[in-house]
Protein chains: 2
Amino acid sequence: MRVSAKSDYALRALIEMASRADGKAVSAEELGRLQEIPHGFLQAILADLRRAGVVISQRGQSGGWRMGRPATDVSVADVIRAVDGPLVSVYGLRPEAVTYNESAEVLQHVWIAARRSLRDVFEQTSIQALADGKLPKAVTSRTADEDAWQPH
Amino acid sequence: MRVSAKSDYALRALIEMASRADGKAVSAEELGRLQEIPHGFLQAILADLRRAGVVISQRGQSGGWRMGRPATDVSVADVIRAVDGPLVSVYGLRPEAVTYNESAEVLQHVWIAARRSLRDVFEQTSIQALADGKLPKAVTSRTADEDAWQPH
DNA sequence: GAGAAGTCGATCCAGACACTCGACTCCTCC
DNA sequence: GGAGGAGTCGAGTGTCTGGATCGACTTCTC
């Protein structure tokens, strides 16, 4: 259950992009400097996001990157899927694709429930919400409990 | 957000172990055969579970492995932590340990909420429940919706 | 009681894969 | 043209998965 550096970097870059209300393109170099992301790695991440239609690239001088669709329409789940594939996978397979023998097939239900649980959080959080610092109830209700912040 | 083979194998082996109501020890060779787990890999996984006190090993002829504490007291979360470390980590760091700059610090709340969300599922599901096929409400309520089974 | 057999325990090795990052090339606008 | 920037390619590193070997320990059998 680990979040890759790619997903984290992608989200941070998008937050920075969405904060530019003017809609001007931002260079990858600047994004990398603002969020301390290695330039080459960020380039590959932005390419993934471009293929998913999340961002648009513009070459040439005064070129750069900007949102491909409104930041309110891009969820955290969209970004993770574009950059890292399915939300949850069981060593390479999607939860609904893994096969177990009779005694272990209940495990599949657990993985499906886990994905459902993550979707509740990731699909209801948009990039715009992150840029504004206005988190949805799906997040705030789960972080209110102090126990949620203890190491687990 | 991927489940490693180690966690999956560990859970399958434990389900098989907990199904032996007689409390007799089961050899690693038999566990591996029943659940199609590579023998050497399973040996390493069982060693991790032993260090966590989840299982007990017995050498010698008619030796093998058995539960170290009641299967009702071992949750899926316990197993994942014993075998793969923290439930969710952001490229190596625990969610509460990652540091962001001002504009991105909201991301930490998202990761905390995600972990809280997973704990709701994994901590309420015991090995005994899996062995009996009697899943807790935390799981059944999330898998009831047909949409939960669609690829995401 | 001695030997044999079965089992865990630890270590090393290797291929595959993903992660991380830098260097170079090509395109676009001034 | 020239400069700034996207686009592509590839290398180094680490982790995951799996196999093999040798040693230690316990029980069973004769």
Side-chain angles (χ1 to χ4, degrees), chain A residues 1-10 12-13 17 20 24-52 54-68 80 82-86 89-93 98, chain B residues 1-13 17 20 24-68 80 83-86 89-93:
Chain A
M1 291 288 130
R2 46 193 288 277
V3 179
S4 72
K6 283 183 83 172
S7 293
D8 189 63
Y9 285 161
R12 280 155 62 183
M17 228 179 284
R20 306 297 174 96
K24 289 268 179 59
V26 193
S27 75
E29 190 278 329
E30 185 175 359
L31 287 174
R33 185 163 37 76
L34 289 170
Q35 289 289 338
E36 298 177 45
I37 305 172
H39 175 265
F41 199 21
L42 177 57
Q43 204 69 256
I45 293 166
L46 290 170
D48 283 338
L49 292 175
R50 182 172 54 83
R51 277 186 282 271
V54 173
V55 298
I56 292 175
S57 63
Q58 177 65 44
R59 287 193 180 188
Q61 204 166 17
S62 77
W65 301 84
R66 61 178 189 279
M67 299 299 298
I80 294 178
V83 156
D84 264 332
S89 64
V90 183
Y91 52 100
L93 277 61
V98 287
Chain B
M1 289 288 134
R2 50 190 288 278
V3 179
S4 71
K6 284 184 82 172
S7 293
D8 189 63
Y9 286 162
L11 288 166
R12 281 155 61 182
M17 229 180 283
R20 306 298 175 96
K24 289 265 179 62
V26 193
S27 74
E29 191 277 332
E30 185 176 358
L31 287 174
R33 186 163 37 76
L34 288 170
Q35 290 289 335
E36 297 177 47
I37 305 173
H39 176 266
F41 199 22
L42 177 58
Q43 203 68 257
I45 292 167
L46 290 170
D48 283 338
L49 292 175
R50 181 174 53 85
R51 276 186 282 272
V54 174
V55 298
I56 292 176
S57 63
Q58 176 65 43
R59 289 192 183 186
Q61 204 164 18
S62 79
W65 300 85
R66 61 178 189 277
M67 299 299 298
I80 295 178
V83 156
D84 264 333
S89 64
V90 184
Y91 53 101
L93 276 60

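Order of the sequence lines sets the chain letters (A, B, ...), proteins ahead of strands, with each chain counted from 1. In this text, all values refer to a predicted model and were calculated from it rather than measured experimentally.
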**Q.** Neighbours of DNA chain D within residues 26-48 of chain B, by heavy-atom distance under 4.0 Å
**A.** B:P38, B:F41
Q. Under a 4.0 Å heavy-atom cut-off, which of residues 59-67 of chain A touch DNA chain D?
A. A:R59, A:G60, A:Q61, A:G64, A:W65
Q: Would you list the pairs meeting salt bridge (Lys or Arg N to Asp or Glu O under 4.0 Å) in which at least one residue belongs to residues 55-66 of chain B, sequence neighbours left out?
A: none
Q | Set of residues satisfying salt bridge (charged side-chain N to carboxylate O under 4.0 Å, His left out) with respect to B:R12, sequence neighbours excluded | A | B:D8
Q: Sequence neighbours left out, what passes salt bridge (charged side-chain N to carboxylate O under 4.0 Å, His left out) with A:R33? Give chain and number order.
A: A:E29
Q) Closest to the A:S4 side chain: D:dT17, C:dC19, C:dA10? A) C:dC19
Spacing of [X] atom [atom1] relative to [N] atom [atom2], expressed in whole Å:
{"X": "B:Q58", "N": "D:dT27", "atom1": "CD", "atom2": "P", "result": "6 Å"}
{"X": "B:D84", "N": "D:dC16", "atom1": "CG", "atom2": "P", "result": "7 Å"}
{"X": "A:K6", "N": "C:dC17", "atom1": "NZ", "atom2": "P", "result": "16 Å"}

Q) When you check the phosphate oxygens OP1 and OP2 of D:dG7, does a side-chain N or O of A:R50 lie under 4.0 Å from one of them? A) yes
Q: Report yes if a side-chain nitrogen or oxygen of B:Y9 is closer than 4.0 Å to either non-bridging phosphate oxygen (OP1 or OP2) of D:dG18; otherwise report no.
A: yes
Q: Please name all residues satisfying side-chain hydrogen bond (donor to acceptor under 3.5 Å, both in side chains) with B:S89, sequence neighbours left out, ordered by chain then number.
A: none
Q. For A:S57, what residues pass the side-chain hydrogen bond (donor to acceptor under 3.5 Å, both in side chains) criterion, not counting sequence neighbours?
A. none
Q: Please tell me which of A:S57 and A:R2 maps to the more 5' nucleotide of DNA chain D, matching each residue to the nucleotide holding its nearest heavy atom.
A: A:S57
Q.
If the condition is side-chain contact (heavy atoms from CB on, under 4.5 Å), which residues does A:A5 pass it with, not counting sequence neighbours?
A. A:Y9, A:F41, B:Y91
Q. Which residues satisfy the side-chain contact (heavy atoms from CB on, under 4.5 Å) test with A:A52, sequence neighbours excluded?
A. A:V54, A:A82
Q. Are A:L42 and A:H39 side-chain neighbours, meaning at least one heavy-atom pair lies under 4.5 Å?
A. no
